[in-house]
Amino acid sequence: MQVLGSRAGRGLCHQDRRRQQAALFAASVEVLDQLGWLDDIQRAALAPWRAQALVNARGLRVGERKPVFKLQTP
């Protein structure tokens, strides 16, 4: 489970039932960005946790991890 809070009194909690931490972190950063909670400095600092190339044991690129969802807001 990932729980995030801000000094502005906002919070976010979500869980990845498959327990894949890399995916959970990437999703967390994407949600924060889509909610408009990140400024340019924070976005840059969190960039390593976002989309990332996946490589196999031989070092060959075999795919990528990237968010493919869009939040629905009222």
Side-chain angles (χ1 to χ4, degrees):
M1 179 169 297
Q2 182 81 20
V3 180
L4 306 166
S6 75
R7 291 184 181 142
R10 300 179 289 199
L12 168 70
C13 176
H14 60 103
Q15 179 179 7
D16 178 3
R17 294 181 189 263
R18 295 171 296 180
R19 300 178 189 222
Q20 296 180 5
Q21 268 192 320
L24 183 62
F25 295 157
S28 298
V29 174
E30 182 64 21
V31 167
L32 293 171
D33 199 15
Q34 287 189 32
L35 289 171
W37 292 7
L38 300 178
D39 60 30
D40 290 339
I41 295 170
Q42 293 166 324
R43 194 174 294 110
L46 294 171
W49 296 103
R50 297 187 95 162
Q52 186 175 33
L54 300 175
V55 296
N56 64 13
R58 293 176 54 197
L60 300 173
R61 184 179 173 145
V62 295
E64 65 183 340
R65 178 185 73 217
K66 66 178 184 176
V68 295
F69 62 89
K70 295 292 180 203
L71 297 177
Q72 295 178 351
T73 55

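Keep in mind it's a predicted model, so treat the numbers as computed, not measured.
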Output all residues satisfying side chain to side chain contact (heavy atoms under 4.5 Å, CB included) with L71, sequence neighbours left out; order by chain, then residue number.
V31, Q34, L35, F69
Sequence-distant partners of V68, side chain to side chain contact (heavy atoms under 4.5 Å, CB included), two or more places apart
K66
Go through the structure and list residues passing salt bridge (Lys or Arg N to Asp or Glu O under 4.0 Å) with [X], not counting sequence neighbours.
{"X": "D40", "result": "R43"}
{"X": "R65", "result": "none"}
{"X": "R61", "result": "E64"}

For residues 49-58, the salt bridge (Lys or Arg N to Asp or Glu O under 4.0 Å) pairs (sequence neighbours left out) are E30-R50, D33-R50
Check the hydrophobic clustering (I, L, V, M, F, W, Y; side-chain heavy atoms under 4.5 Å; chains of links allowed) and say if L54 and V29 are grouped together.
no
